[in-house]
Amino acid sequence: MKNCFFVLVLLTSLKFLDASAQTVLTDKEKNDGWKLLFDGTTTLGWRAYGSDKIGDAWKVKDGALYLDVSKNENGTSLAAGDIITEKEYENFDLMLEWKISGCGNSGIMFNVVESTENDRTYYTGPEVQVLDNTCHPDAKIIKHRAGDLYDLISSSKETVKAVGEWNKVRIVSNKGTLEIWLNGTMVVHTQMHTPEWGALVKGSKFKDMKDFGKATKGHIALQDHGNGVWFRNIKIKELK
């Protein structure tokens, strides 16, 4: 019985260390200019798009920021919506991890411009797709699969992990050059704000959104697509 107690304590400690390890920068990272966008315990630094508060459905547990899609006793859902960073970013290196619920859908957007004219994050900000490729309907659509630059560019290689596993994504946006990395592989590389970029937008579902993909600076956004999704180890380095 005593041995079982010590094993339980050890496992609990390891779980705590695993969660806390996701939200700590090393000295080298600090010296290199990295900053945390999520502290692992609170939702500080994030708010709902178009609001000064964050929806109650966005919660923190075990070092992860997640969307709680469970229902209340009366059958209603908690207030959620897409969330954005309080700060805007121009040239940056963004790293984070995500995992999705079964048949789930979400996304990570950048260069999101908040305005009364554009009342949705995706009206301005390009999206890196977060998806369960095995059963979500979007997985059958080219340029809608996990790691794709949503509806614009397909991943060069599929590197997404199974549902329930953490995926490491990296988004580098630097003076118009865009790189998307998924689990250590660069899957998208393109140049934004060029005639070719404009042609991509015109050939997409965003063609009638006059401000889509035009900004060179904006908020980072995490999408509420109505499915359970988890994010952790969110950090950014501003590039000069």
Side-chain angles (χ1 to χ4, degrees), residues 20-40 43-47 49 63-65 82-100 106-114 121-122 124-131 146-150 152-161 165-194 196-197 200 212-223 229-240:
S20 62
Q22 307 306 320
T23 54
V24 176
L25 294 175
T26 65
D27 289 338
K28 185 178 185 307
E29 286 175 323
K30 292 177 182 177
N31 291 334
D32 287 345
W34 288 92
K35 293 183 179 179
L36 291 175
L37 290 182
F38 167 56
D39 63 16
T43 58
L44 289 175
W46 295 87
R47 59 181 176 82
Y49 183 83
L65 175 62
D82 294 357
I83 58 174
I84 61 173
T85 54
E86 291 183 349
K87 184 177 176 180
E88 293 181 286
Y89 298 91
E90 189 167 6
N91 303 310
F92 60 85
D93 191 343
L94 172 69
M95 298 179 70
L96 68 153
E97 296 177 67
W98 63 262
K99 66 177 179 179
I100 191 71
S106 184
I108 305 157
M109 283 161 275
F110 58 95
N111 291 351
V112 172
V113 179
E114 193 175 33
T121 54
Y122 59 85
T124 57
E127 174 190 344
V128 178
Q129 178 74 307
V130 169
L131 197 79
D148 291 354
L149 184 61
Y150 182 78
L152 295 171
I153 301 175
S154 295
S155 298
S156 59
K157 182 179 180 181
E158 187 165 307
T159 60
V160 66
K161 295 184 179 180
E165 295 186 42
W166 288 101
N167 292 272
K168 294 183 178 181
V169 66
R170 181 181 184 185
I171 303 170
V172 183
S173 177
N174 190 18
K175 299 176 182 177
T177 299
L178 176 66
E179 297 176 4
I180 300 172
W181 297 70
L182 186 61
N183 295 319
T185 299
M186 185 166 65
V187 294
V188 171
H189 182 276
T190 192
Q191 193 72 25
M192 300 183 290
H193 319 305
T194 63
E196 292 77 13
W197 174 257
L200 280 176
F212 177 83
K214 292 183 177 179
T216 59
K217 179 181 180 179
H219 301 274
I220 308 297
L222 303 178
Q223 187 182 50
V229 64
W230 293 258
F231 300 96
R232 71 179 186 184
N233 199 19
I234 311 172
K235 55 190 175 184
I236 196 165
K237 176 181 178 180
E238 295 188 75
L239 306 174
K240 297 180 180 180

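Note: hydrogens, waters and symmetry copies are ignored here, and every other heavy atom, side chains too, is used.
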Return the set of residues passing ring-ring contact (aromatic ring centres under 6.0 Å, His included) with Tyr150 (not counting sequence neighbours), or none when no residue passes.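 Here the qualifying residues are His144.
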Is there a side-chain contact (heavy atoms from CB on, under 4.5 Å) between Leu222 and Val229 once you walk through the steps? CA-CA 10 Å; Leu222 303 178; Val229 64; over 6 Å; no
Working to the nearest 0.5 angstrom, can you tell me the gap between [X] [atom1] and [Y] [atom2]?
X: Lys214; Y: Asn111; atom1: NZ; atom2: CG; answer: 14.0 Å
X: Lys157; Y: Met186; atom1: NZ; atom2: CE; answer: 12.5 Å
X: Met192; Y: Asn174; atom1: CE; atom2: CG; answer: 9.5 Å
X: Asn183; Y: Asn167; atom1: CG; atom2: CG; answer: 4.5 Å

Kindly indicate, with the supporting measurements, whether the criterion side-chain contact (heavy atoms from CB on, under 4.5 Å) is fulfilled by Arg47 and Glu114. CA-CA 12 Å; Arg47 59 181 176 82; Glu114 193 175 33; 2.7 Å; yes
Just to verify, what does [X] make a salt bridge (charged side-chain N to carboxylate O under 4.0 Å, His left out) with, not counting sequence neighbours?
X: Glu29; value: Lys235
X: Glu179; value: none
X: Asp39; value: none
X: Lys28; value: Asp32

Spell out, as yes or no, whether a donor-acceptor pair under 3.5 Å connects the side chain of [X] to the backbone of [Y].
X: Thr85; Y: His219; value: no
X: Asp93; Y: Val172; value: no
X: Thr23; Y: Asn233; value: no
X: Trp46; Y: Leu37; value: yes
X: Ser155; Y: Gly147; value: yes
X: Thr177; Y: Gln191; value: no

Non-hydrogen side-chain atoms of Thr121 and Gln223 separated by less than 4.5 Å: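 No, too far: nothing below the 4.5 Å cut-off.
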Nearest heavy atoms of [X] and [Y], plus distance in Å:
X: Leu149; Y: Pro126; answer: CD1-CB, 4.1 Å
X: Val169; Y: Trp98; answer: CG1-CD1, 4.0 Å
X: Trp166; Y: Ala64; answer: CH2-CB, 4.0 Å
X: Leu131; Y: Ala146; answer: O-CB, 3.7 Å

Lys87: what forms a side chain to side chain donor-acceptor pair (under 3.5 Å) with it, not counting sequence neighbours?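 For Lys87 the side chain to side chain donor-acceptor pair (under 3.5 Å) partners, ignoring immediate neighbours, are Glu238.
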Residues Leu152, Trp197; criterion side-chain contact (heavy atoms from CB on, under 4.5 Å); working and verdict: CA-CA 9 Å; Leu152 295 171; Trp197 174 257; 3.9 Å; yes
Electrostatic pair Glu97-Arg232, nearest N-O below 4.0 angstrom: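 Salt bridge present between Glu97 and Arg232.
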Go through the steps for Val113 and Phe212 under the test side-chain contact (heavy atoms from CB on, under 4.5 Å), then give the verdict. CA-CA 9 Å; Val113 179; Phe212 177 83; over 6 Å; no
Sole candidate of Ile180, Asp148, Leu178, Leu200 that passes side chain to side chain contact (heavy atoms under 4.5 Å, CB included) when paired with Ile153: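 Result for side chain to side chain contact (heavy atoms under 4.5 Å, CB included) with Ile153: Leu200.
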